[in-house]
Amino acid sequence: MILEKIEKLLEEVKGLSASTPEEIEALRLKYLSKKGAISSLMADFRNVPAEQKKEVGMRVNELKQTALERINALREMCEQKDAHDDDIDLTRTPYPVKLGTRHPLTIVKNEIIDIFTRMGFTLADGPEVEDDLHVFTKMNFAADHPARDMQDTFFVEANPDDVTKNILLRSHTSSVQARVMESGQPPIRIICPGRVYRNEAITARAHCFFHQIEGLYIDKNVSFTDLKQVLLTFARELFGADTKIRLRPSYFPFTEPSAEMDISCHICGGKGCGFCKQTGWVEILGCGMVDPNVLELCGIDSKVYSGYAFGLGVERITNLKYQVSDLRLFSENDTRFLEEFESAN
């Protein structure tokens, strides 16, 4: 009886077991191949009475589906077992592997980025190997500006016929601002975090590479008041709600007017201590209104739009938060130093 054969095969396939891919393949050939047990039932199907064909056909399909599901399940279990076996590293130390921590610069950088993104700024990025056009020329640096000299800039390729085509390691992330401005129209509200390079002697207070975060906001009717409020909010978010700021006149080629911003010393509360040199204030960034020449050089109508920009050093802020006496510690990968920041992650 064909129904009895189907029931017998159904019980068999439900109890199938295998532990290797070869065994699973053998089961597939035995039951599901063209010459397999299930296909051989079709030879008997022609002899089934007409009134039973529907029932028999349904049972055969059920048998085939059950066999297919069981074999696929065995294959999946085998693959999972193999994947787990591959995870075993016999050369690994028997002692627990200690988890690493985020670098202090990364901790502070992420905190700064989080503050500004909550105020509506978006991230922008650009190449570290740049051309003079975006690093200096479009930032309103004069052709004879000292920053272009070898004493301050790492030049990769010099072009005596056209200085705008000089290739160099960017000395500030303002080049990212230039690329964003020339590729689109306001409103623009960005921050540009990244590594920069300057040809300086490496000491406890300076390095030939460091990290900056610059900000740029351009739109209609942007004022210095807008800049002051953003920087005050930033300072209080980063250093505490009681933090005060002051802005001192300064000079930068790409902003006019320009200012440097100090915060009240968070160590002494503004009373004066060794850290703030008894002044009660600590400088943290430079800022100002974007010079109209910069807007025009980047293809933005300075009669319609205005904007502000600011820039800060991540090492400087990290030093203020954690009082690191030697900037070289940030790049020496001394695990004893890095382990001190485990609780800050």
Side-chain angles (χ1 to χ4, degrees), residues 103-109 112 125-160 163-179 191-215 248 250-255 258-263 274-277 279 281-288 309-334 337-338:
H103 194 280
L105 295 179
T106 302
I107 296 170
V108 173
K109 181 189 74 173
I112 295 171
D125 194 15
E128 294 184 10
V129 181
E130 260 287 9
D131 54 38
D132 182 290
L133 178 66
H134 292 93
V135 175
F136 294 128
T137 304
K138 290 202 172 187
M139 287 292 106
N140 202 36
F141 282 77
D144 58 351
H145 195 282
R148 295 176 184 265
D149 293 341
M150 273 291 190
Q151 286 79 8
D152 295 310
T153 305
F154 287 109
F155 283 92
V156 177
E157 180 180 324
N159 192 320
V163 295
T164 64
K165 295 181 180 179
N166 286 338
I167 305 302
L168 50 97
L169 300 181
R170 66 183 182 189
S171 54
H172 49 201
T173 52
S174 301
S175 56
V176 181
Q177 299 179 22
R179 289 188 175 275
I191 53 173
C192 317
R195 179 178 288 187
V196 298
Y197 306 84
R198 294 182 187 174
N199 194 0
E200 298 182 359
I202 299 175
T203 67
R205 300 179 60 85
H207 211 291
C208 61
F209 68 85
F210 52 98
H211 301 78
Q212 281 187 336
I213 296 181
E214 296 196 25
R248 296 178 288 102
S250 187
Y251 167 76
F252 304 108
F254 35 84
T255 54
S258 303
E260 290 181 343
M261 189 181 92
D262 303 330
I263 62 168
F275 188 78
C276 62
K277 299 179 181 178
T279 65
W281 297 94
V282 181
E283 177 192 340
I284 66 167
L285 58 82
C287 61
F310 56 85
L312 54 91
V314 179
E315 280 86 349
R316 175 68 170 165
I317 302 297
T318 307
N319 194 16
L320 291 176
K321 285 182 69 68
Y322 299 120
Q323 302 179 44
V324 178
S325 59
D326 192 334
L327 295 181
R328 291 172 292 191
L329 291 171
F330 290 132
S331 56
E332 291 180 348
N333 294 323
D334 188 329
F337 169 72
L338 298 176

| Trace of the side-chain contact (heavy atoms from CB on, under 4.5 Å) decision for L312 with I112 | CA-CA 10 Å; L312 54 91; I112 295 171; 3.8 Å; yes
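- By the 4.5 Å heavy-atom criterion applied to side chains, I202 and R328 are counted as neighbours.
- Looking only at side-chain heavy atoms (C-beta outward), F210 and V314 stay at 4.5 Å or farther from each other.
- For the pair F209 and S331, the tightest heavy-atom approach, listed with the atom from each and the gap, is CZ-CB, 3.7 Å.
- Between the side chain of E260 and the backbone N or O of S250, no donor-acceptor pair lies under 3.5 Å.
- The distance from atom NZ of K109 to atom CD1 of I213, rounded to the nearest 0.5 Å, is 7.5 Å.
- Between F337 and D326, the closest side-chain pair of non-hydrogen atoms is not below 4.5 Å.
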| query | Does the side-chain contact (heavy atoms from CB on, under 4.5 Å) test come out yes or no for N166 and D131, once each step is laid out? | reply | CA-CA 6 Å; N166 286 338; D131 54 38; over 6 Å; no
| task | For T173 and V196, run side-chain contact (heavy atoms from CB on, under 4.5 Å): C-alpha distance rounded to whole Å, both residues' side-chain angles, the deciding distance at 0.1 Å, then the answer. | result | CA-CA 7 Å; T173 52; V196 298; 3.7 Å; yes
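- The backbone N or O of H211 sits less than 3.5 Å from a side-chain atom of E315, completing a donor-acceptor pair.
- Judged by distance alone, the side chain of H103 and the main-chain N or O of F330 form a donor-acceptor pair under 3.5 Å.
- In this structure the side chain of K165 never reaches within 4.5 angstrom of the side chain of L133, judged on heavy atoms.
- Between the R316 side chain and the I284 main chain, no donor and acceptor come within less than 3.5 Å of each other.
- Side-chain contact between F136 and P253: absent, with no pair of heavy atoms (C-beta onward) separated by less than 4.5 Å.
- Between F141 and H172, the ring center distance clears the sub-6.0 Å criterion.
- Formation of a donor-acceptor pair under 3.5 Å by the T255 side chain with backbone atoms of S258 is not found in this model.
- Interatomic distance, CD of E130 versus CG of L168, reported as 7.5 Å (0.5 Å rounding).
- Judged by distance alone, with hydrogens and angles left aside, the side-chain atoms of R170 form a donor-acceptor pair with the main-chain N or O of R195 at under 3.5 Å.
- Between the side chain of T279 and the main chain of W281, a donor-acceptor pair closer than 3.5 Å is present.
- Scanning both residues, Q177 and G215, for their nearest heavy atoms gives NE2-O, 3.8 Å.
- With E157 contributing its side chain and I167 its backbone, the two residues share no donor-acceptor pair below 3.5 Å.
- Looking only at side-chain heavy atoms (C-beta outward), S174 and Q212 stay at 4.5 Å or farther from each other.
- Results of the side-chain contact (heavy atoms from CB on, under 4.5 Å) test with D132 over T137, T153, N159 single out T137 as the only residue that passes.
- Pairing each heavy atom of R248 with each of D262, the nearest pair is NE-OD2, 2.6 Å.
- A donor-acceptor pair under 3.5 Å is absent between the side-chain atoms of N199 and the main chain of F154, judged by distance alone.
- For the pair N319 (side chain) and V324 (backbone), a donor-acceptor distance under 3.5 Å is present.
- Atoms CD1 and CG, from I191 and D125 in turn, are 11.5 Å apart once rounded to the nearest 0.5 Å.
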| request: Test V176 against E214 for side-chain contact (heavy atoms from CB on, under 4.5 Å), laying out the working first. | output: CA-CA 9 Å; V176 181; E214 296 196 25; over 6 Å; no
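- Pairing each heavy atom of L285 with each of G311, the nearest pair is CB-O, 3.2 Å.
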